[in-house]
Every structure is written in C-alpha cells, then in structure tokens.
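Data first, discussion second: the structure below is written as structure tokens.
What's counted below: heavy atoms across the whole structure, side chains too, no hydrogens, waters or symmetry copies. Note that the structure is a prediction, hence the values are computed from the model and not measured.
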Amino acid sequence: MSDAQHPSREAIDLLTAGRPQAARDLALSIVATMPDDPFANLVAATALYTNSQFSDALPHARLAAEARPRDGDALECYCATLRAVGRHADALTVARQWREADPSSRQAVQDIIECLQRLERPSEIILIVREAMKQFPADLRLEIALAGALIDQGRANEGARILDQAVRREPLADKVVGFAATTSNFIHPADKRTIIAAHRRFGELLDRHAPPPKFVHLPPPESDRIDAARFKGSGREGRLRIAFLSADLRDHSVAFFLRPILEHLSPDRFETLCFYNHLVRDETNKHIRELVRPGPGRGGFFDVYNMHFNELATLIHAESPDILFDLNGLFEGCRSDVFHLAPAPVQATFCGYPNTTGMSRINWRIVDSITDPPGTDDRARERLLRLDPCFLCYRPPEEAPDIAPERDPQQPITFGSFNRVVKLNDAVIRVWSAILKRVPSSRLLIKSGVLDDPATRSDFAARFTAAGAPPGSVELVGRIADRAGHMGLYRRVDIGLDTFPYAGTTTTCEALYMGVPIVTLAEPQAMHAARVGASLLSALNLPDLIATSEKKYIDAAVALAGDRPRLAELRAGLRQRLLASPLCDAAAYTRRFEAALESMWTDWCHSDKPQGLSSSGARRVWRGWGVYENQRPRPGASA
C-alpha cells in the first residue's frame with residue numbers, strides 16, 4: 001500500500017484542518033491494527049507530537065525511522081521527538097543520519113545546529129554553518145546560527161556585525177531583527193542610542209507589517225467600580241486575573257523570582273494563570289503547576305508549546321486575564337507574536353529581559369529607580385513602573401549547602417564568575433586580567449556550561465593570556481550536573497566579579513547567599529542591563545561594592561582582596577544579610593507588586609480609549625512569524 005492511499009492519510013487531513021486531538025485518536029486506532037507499519041507509526045508519532053505527548057510519540061517515531069532509515073520525514077520526526085524529551089545527543093546522531101541521507105535538506109542542517117545549541121557546542125556549530133553556507137548561500141537561518149554561536153563564545157561584537165548585515169538584507173524578518181536587538185545588550189562599548197534604536201526597530205516592524213491586533217478591549221462600565229479609585233477585575237467576585245506567559249517556568253532564573261509572587265499573591269484579590277511555552281517538566285515546573293492549579297485565587301496552568309500564535313492568543317483571550325505578563329522579552333521562547341495581538345487589555349513585561357521590548361502593545365515594564373533612574377523613561381517604549389527599593393524578589397535554592405568556614409588567610413585570593421560566558425567580552429577579560437596582575441598569586445574561577453566545549457575553552461584561555469593574565473591564574477569549569485554542586489562551587493570563591501555591560505542577576509544573588517561579595521560596575525549613564533547588580537547590592541546596603549568606572553571597579557576588587565577581616569565578616573554575615581533584606585522579603589515585596597497590579601489596572605480602567613484592534617492590515621511582504629522557533633511545522637508526515 002502506498003503512503004498516498006494509506007488509511008492514516010485521514011489523520012493527516014485532520015491535523016491539517018486544525019483538529020489535533022481527533023487526528024491523534026484516529027492515528028492511534030489505525031496503528032493499533034497495523035503496529036509494524038512504518039507510515040502508520042510515522043503518522044501516530046506526528047499526531048502525538050502535535051498534542052505535546054512526546055514520550056508517547058517516541059516509540060512510534062523510532063519504529064518509523066528504523067524501518068525507513070533514509071526517509072527524511074521519518075528521520076525528522078524521530079529527531080524532533082528525541083529533542084522534545086531532552087535526548088539531544090541521540091537527536092544529533094539522527095540529524096546527522098538525515099543529513100547524510102538527504103544532503104539537499106536545509107532542515108537537516110538546521111536540526112544538527114539546534115542539537116548542538118542544546119549541547120552547548122558553539123565551535124562545532126561555527127564549522128558546520130560555514131560549510132553549509134557554501135551550499136546554501138545567504139541563508140538567513142544559517143547566518144543567525146553563526147551569529148549565535150559567536151555570541152555564545154563571548155564574541156557578541158562579531159555576532160552583531162553578522163546580524164547587522166542580515167538586517168540590512170532582510171529588514172522585514174522579525175527573527176533576525178529581534179535577535180539583533182537582544183545582541184545589542186551584550187555589546188561593548190555599550191552605546192545606548194544603538195541599543196534603543198535596535199529595540200524600537202523590532203517594535204516598529206511589528207506595528208507596520210505584522211498582522212494587526214485581533215481583540216478589542218473596552219474599559220469597564222461604571223457598575224464595575226469598587227470605590228473612587230478601583231474597579232472589579234474579570235475573576236470570581238471581582239478578583240483581578242493575572243496571567244504569566246513564559247518559556248521559563250522551570251529550573252530557570254526567571255522561576256526563582258516568580259515563585260515568591262505566586263506563593264504570596266492574595267487569593268482574595270487576585271487569580272493567577274500560567275501559560276508555559278516549553279517542554280521541560282522538572283520539580284520547579286511541578287511546583288508552579290500546583291501553585292496555580294484551579295481553585296480559590298488560582299486560574300490554571302496551560303501547556304502551550306508549539307501552539308500557533310493565533311490559537312494561543314485566542315486561548316489566552318478566552319481565559320480573560322486582566323493583566324498579561326511577558327517573562328521572556330526578546331529572548332528564546334518569547335511570544336512577541338502573541339503579545340502583538342493584544343489578547344489582554346493590559347500587558348506588561350517583567351524580570352526575564354533587561355531592556356524594553358520595543359513593542360507598542362506592551363503597556364508597562366516593571367523596573368526600579370536604580371536600574372532605571374528617573375529621567376530615563378525615554379529609553380523604553382513601555383511605561384516604566386518603578387517597584388522600589390528593588391524590582392526583584394529572590395528565592396534561594398533549597399539545595400544550597402552551608403557557607404564554607406572562614407578561608408585560610410594564607411591562601412591566595414580566588415575571584416569568581418559563574419555568569420554565562422556570553423557576557424564576557426574583551427573589556428571584561430582585560431579588566432579581570434588587570435585585577436589578577438595587581439593581586440599577587442590570585443586566581444580566577446570561571447564556570448559556564450559552554451566551557452565544556454574544548455575549542456571554546458581554549459579560546460577563552462588564549463584571550464586571557466593575550467590580555468596579560470598571569471600564567472595559570474584562570475581556571476575554566478564547565479557544567480555541573482546538579483544545583484547543589486553548582487552552589488557548592490561558590491565555597492571556593494572569595495570575591496565575585498560581575499560582568500559588564502550586562503551584569504549578573506541570579507548569579508549575583510547566589511553568590512551573596514553563599515557568602516561571596518560581588519563587585520559590580522554601573523556607570524552613571526548605563527542601561528538597565530548594567531545596573532541590575534547595583535540594584536541588588538543596594539538592597540543589601542553595600543554601596544562600596546558598586547563602582548562607577550572601570551578604574552574604580554579594579555580598585556574596589558583589589559582593595560577588598562587586601563582586606564581579609566572585611567572578607568571574613570562578609571562571608572560570615574552575607575547570607576543572613578540577604579535573607580533580612582528587601583530582596584528576600586517575599587511578603588512585603590508581593591504587597592508592593594499587588595499595588596503595582598492595582599495601579600496598572602486602575603490606569604486602564606480610567607482610560608477612555610479602547611485597546612487592541614487596528615484598522616490597518618498586514619502587508620504582504622511581511623517575513624515574520626514563520627521563522628519563529630515555536631512556529632516550525634510539525635515534524636514527520638506531510639499533508
């Protein structure tokens with residue numbers, strides 16, 4: 001029987017018609033009657049994958065690929081399913097098999113790249129991309145991959161040049177324009193006009209060329225007024241419904257700052273919903289699901305990975321959130337496509353991105369007066385809501401070990417940075433090398449997952465040598481499997497060195513919790529990304545660790561290294577100091593966050609202009625949404 005005449009074709013038609021559950025049920029009933037049929041298994045795997053049932057799809061995908069080892073559809077389905085369950089090394093093997101079976105397939109090359117990205121092997125990506133560019137010149141996805149690999153190696157300026165060229169050639173491609181904007185956060189020297197312009201370019205691209213917003217939101221009637229200032233929300237008994245859309249509701253930095261809010265929001269005044277745009281199901285994700293499980297003050301948890309932007313926007317709108325939060329900004333997993341459609345009357349961005357989104361449909365951005373001092377509002381397209389004294393609330397990991405006892409004063413000083421090396425530019429390497437030269441016998445411990453890549457590790461070692469770091473003074477450590485081990489590594493560090501112009505956030509909080517003081521650089525006119533460290537340290541009243549120039553940064557680190565009594569005092573007291581600070585006072589922080597929610601909602605209710613639907617249509621030359629990672633066609637059987 002040919003594939004064209006196969007009974008599973010009807011299931012493919014159901015998938016094409018947007019009926020994934022019906023397609024799954026039919027495909028499974030068919031494969032039950034012919035369990036060894038390759039095409040029936042391929043369609044079953046495709047239907048299960050489309051329904052986000054990745055573990056169930058895997059045996060069907062494997063059978064189809066083993067029966068058809070040179071079939072591109074079968075290999076693509078198997079590769080995608082392996083990636084979905086986190087088996088990236090196995091997926092890489094299959095992707096390479098697919099590339100060998102079909103050298104003309106661009107998608108096979110892309111799958112190899114995506115597997116290597118998950119495995120944090122940028123040096124291999126660079127080699128593969130440059131070879132593939134000979135076969136597929138001017139391929140936008142290859143250029144993005146090359147830029148991304150260079151950025152992951154701490155060469156953001158080189159990656160930015162590639163992206164700038166791509167933007168000039170493809171000015172309507174949202175993926176490359178957005179990536180160029182995110183990359184601007186890492187470039188040194190940081191030019192604020194360039195950074196602001198890059199983000200505005202992305203937002204204006206959506207305004208001018210993307211499909212227009214599809215929902216109209218009218219301010220509530222006077223009958224919904226609670227008192228002179230407040231209005232009812234759309235939840236039960238007038239509660240405000242607050243929704244969070246993110247790919248990071250898992251063991252991720254964003255979740256560390258979101259969990260205190262979910263745990264402390266008043267169930268009498270608010271209902272919370274979460275829309276999760278990722279595949280990972282870990283303990284953090286499980287806990288967040290419990291926090292928003294339907295009940296008093298809770299609205300529910302929705303898995304929305306791979307969901308078409310129209311479908312997702314419609315789902316969110318049907319759940320009637322009053323305020324919808326973006327927790328990704330323009331980083332991986334973002335759903336700018338959904339926010340542009342304005343499924344909620346009030347939309348805000350918070351925590352997951354260190355800059356404006358550039359989007360006109362996002363109304364608010366939560367910051368504080370140190371990250372974004374008064375007078376800097378023109379840097380953001382959103383309205384700034386300053387949540388002082390600090391815009392974040394940190395929840396320390398339960399797996400963290402005890403702080404190490406006082407270090408032997410005879411031991412050399414060890415500096416450290418556990419930031420991703422994407423934040424390590426030539427200026428950071430130069431400044432850190434200068435510190436090592438000024439502190440005799442000192443060492444620098446750098447930990448980042450990408451340093452498991454041998455070529456990347458060798459490259460960083462050579463860059464430190466070229467910058468004058470004393471021989472043998474820099475130790476490069478890759479990924480540590482568990483969080484307890486990661487936190488335990490701080491016990492070897494005396495002083496943390498913050499990155500610039502993109503400062504650490506979670507890593508700074510971790511270091512402080514482990515008794516390690518951090519020296520940060522926040523120049524007077526710096527952007528938000530460079531000032532987060534200053535905000536965190538100010539919350540602990542440690543102004544002497546905040547430098548305002550490279551020279552003062554070096555001097556502060558050197559002075560602290562020479563003050564052993566102060567280091568001992570900080571090591572012994574920093575954890576309690578952090579826990580007693582506004583940064584870890586979840587109850588007080590959440591009351592401020594609740595007031596911010598009420599303020600945003602009240603502002604909207606007093607507006608006299610509907611939000612959302614635009615009368616202008618999208619232009620046909622729009623190149624967007626189709627290149628979003630989440631809009632990739634489902635793998636496997638084609639319609």
- Taking atom CZ of Arg106 as the centre, does the number of heavy atoms from other residues, nucleotides or ligands within less than 6.0 Å exceed 12? yes

- Message: Once rounded to the nearest 0.5 Å, what's the spacing between atom CZ of Arg141 and atom CD of Glu114?
- Response: 7.0 Å

- Is Asp164 salt-bridged to Arg169, cutoff N-O under 4.0 Å? no

- Residues in side-chain contact (heavy atoms from CB on, under 4.5 Å) with Val422, at least two apart? Ile151, Phe186, Arg420

- Any side-chain heavy-atom pair from Glu510 and Thr506 closer than 4.5 angstrom? yes

- Task: May I ask you to decide if Ala461's main-chain N or O and Thr465's side chain share a donor-acceptor pair within less than 3.5 Å?
- Result: yes

- Any side-chain donor near an acceptor of the partner, Arg289 and Asn285, under 3.5 Å: yes

- Item | Carboxylate-amine/guanidinium contact Asp459 Arg463, below 4.0 Å | yes

- Message: Contact between His340 and Asp337 at the side-chain level, heavy atoms closer than 4.5 Å - yes or no?
- Response: no

- Does NZ or CZ of Arg395 fall inside the cone over Phe256's six-membered ring, less than 6.0 Å from its centre and within 45° of the axis? no

- Message: Tell me the closest heavy-atom pair linking Ala45 and Ala61, and the distance in Å.
- Response: CB-N, 3.6 Å

- Measure the shortest side-chain to side-chain distance between Asp111 and Leu92 over non-hydrogen atoms and say whether it is less than 4.5 angstrom. no

- Which heavy atom in Phe500 sits nearest to a heavy atom in Val428, and how many Å separate them? O-CG2, 3.2 Å

- By side-chain contact (heavy atoms from CB on, under 4.5 Å), Leu279 pairs with (sequence neighbours left out) Phe54, Ala84, Tyr305

- Note on the structure: Test salt bridge (Lys or Arg N to Asp or Glu O under 4.0 Å), reference Glu475, set Arg457, Lys447, Arg492, output is Arg492

- Side chains of Leu327 and Tyr353: does their closest heavy-atom pair fall under 4.5 Å? no

- Item | Gap between atom CD1 of Ile495 and atom OG1 of Thr414 - 0.5 Å precision | 9.5 Å

- Task: Please tell me if the side chains of Phe415 and Arg443 come closer than 4.5 Å, counting only heavy atoms from C-beta onward.
- Result: no

- Query: How about His528 and Phe391: are their ring centroids closer than 6.0 Å?
  - Reply: yes

- Query: Can you find a pair of side-chain heavy atoms, one from Phe460 and one from Ile429, that are under 4.5 Å apart?
  - Reply: yes

- Message: Does any part of the side chain of Val280, heavy atoms only, come nearer than 4.5 Å to the side chain of Tyr276, both counted from C-beta?
- Response: yes

- Would you indicate whether the side-chain heavy atoms of Arg99 and Ile112 approach each other to under 4.5 Å? yes

- Over 60° means perpendicular and under 30° means parallel, so classify the ring planes of Tyr394 and Phe257, tilted if in between. tilted

- Query: Can you list every ring-ring contact (aromatic ring centres under 6.0 Å, His included) pair that touches residues 471-497, not counting sequence neighbours?
  - Reply: Phe418-His486, Phe418-Tyr490, His486-Tyr490

